[in-house]
Amino acid sequence: MFYLLIGLGIIVCVLLAFLILIQEPKGGGLTSGFAGSNNIMGVQRTGDFLEKGTWVLIISLMVIVLLINVVIPKGGERNSEAEEIQKQINKSVPAAPMQAPSTLPGLKDTTKK
């Protein structure tokens, strides 16, 4: 599912870039080539189609990105190997800390009483 959404997102990005590059920034776009001669078969509507297509692709890209965020594999899942290693570590650690001897053998007590 994750890889399907990633692939779909890439396809939508490529289509969106294509639609944006087709449009002319000053509003002409594909209609500028046909505006002078004839306006039959809905050529004057090409700009509207490209604009609506751009909005549809932008909204679908946002939805895909949100879905990817929901289904992304999360880190930190419990691993049986890691649990086994942690159990071995816990077994090797002593229950209580060792106490240091009050005096070391072979050393004299130099404190005056």
Side-chain angles (χ1 to χ4, degrees):
M1 182 72 173
F2 176 69
Y3 294 112
L4 176 72
L5 287 174
I6 293 289
L8 193 61
I10 290 172
I11 291 171
V12 168
C13 285
V14 169
L15 289 175
L16 184 61
F18 180 69
L19 273 180
I20 289 173
L21 289 174
I22 286 176
Q23 298 175 17
E24 188 175 314
K26 295 180 181 168
L30 288 178
T31 61
S32 62
F34 302 105
S37 61
N38 58 8
N39 285 332
I40 58 173
M41 300 196 357
V43 176
Q44 73 257 10
R45 296 287 189 178
T46 306
D48 294 338
F49 172 74
L50 292 176
E51 184 179 346
K52 287 179 183 175
T54 303
W55 280 107
V56 167
L57 287 176
I58 289 172
I59 291 170
S60 63
L61 182 62
M62 288 190 318
V63 169
I64 290 170
V65 168
L66 290 174
L67 286 174
I68 288 173
N69 193 24
V70 169
V71 299
I72 192 168
K74 304 288 189 246
E77 293 179 3
R78 305 288 305 198
N79 189 354
S80 61
E81 260 182 58
E83 288 178 1
E84 186 64 34
I85 292 171
Q86 188 63 41
K87 286 178 185 176
Q88 290 177 1
I89 291 172
N90 291 340
K91 286 179 184 178
S92 66
V93 175
M98 296 180 61
Q99 295 179 357
S102 58
T103 60
L104 294 175
L107 294 176
K108 293 183 183 180
D109 189 12
T110 58
T111 58
K112 294 185 180 183
K113 294 183 184 179

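Along the sequence shown, residues are numbered consecutively beginning with 1. All values below come from the heavy atoms of this structure, side chains included, with hydrogens, waters and symmetry mates left out.
V14 and W55 fall into different hydrophobic clusters, where Ile, Leu, Val, Met, Phe, Trp and Tyr side chains are chained together by heavy-atom contacts under 4.5 Å. Under the 4.5 Å side-chain heavy-atom criterion for ILVMFWY residues, no single connected hydrophobic cluster contains both L21 and F49. By the criterion of side-chain heavy atoms lying less than 4.5 angstrom apart, applied directly or through intervening Ile, Leu, Val, Met, Phe, Trp or Tyr residues, I64 is grouped together with I58 in one hydrophobic cluster. Hydrophobic cluster membership is shared by V71 and L8, with clusters built from Ile, Leu, Val, Met, Phe, Trp and Tyr side chains linked at under 4.5 angstrom. One hydrophobic cluster, built from ILVMFWY side chains closer than 4.5 Å, holds both I10 and I20.
Atom CZ of F18 is surrounded by 12 or fewer heavy atoms from other residues, nucleotides or ligands within 6.0 Å.
For the side chain to side chain contact (heavy atoms under 4.5 Å, CB included) with Q88, the qualifying choice from E84, K91, Q86 is E84, the only one to do so. For the side chain to side chain contact (heavy atoms under 4.5 Å, CB included) criterion with L67, the lone passing option out of I72, L4, L5 is L5.
Considering every non-hydrogen atom in both Q23 and E51, the closest pair reads NE2-N, 3.9 Å. Taking each heavy atom of L19 and G53 in turn, the nearest pair found is CD1-C, 3.7 Å. In plain terms, the two heavy atoms of T54 and L50 that are nearest each other are OG1-O, 2.7 Å. Shown here for I6 and I68, the closest heavy-atom pair between the two residues is CD1-CD1, 3.7 Å.
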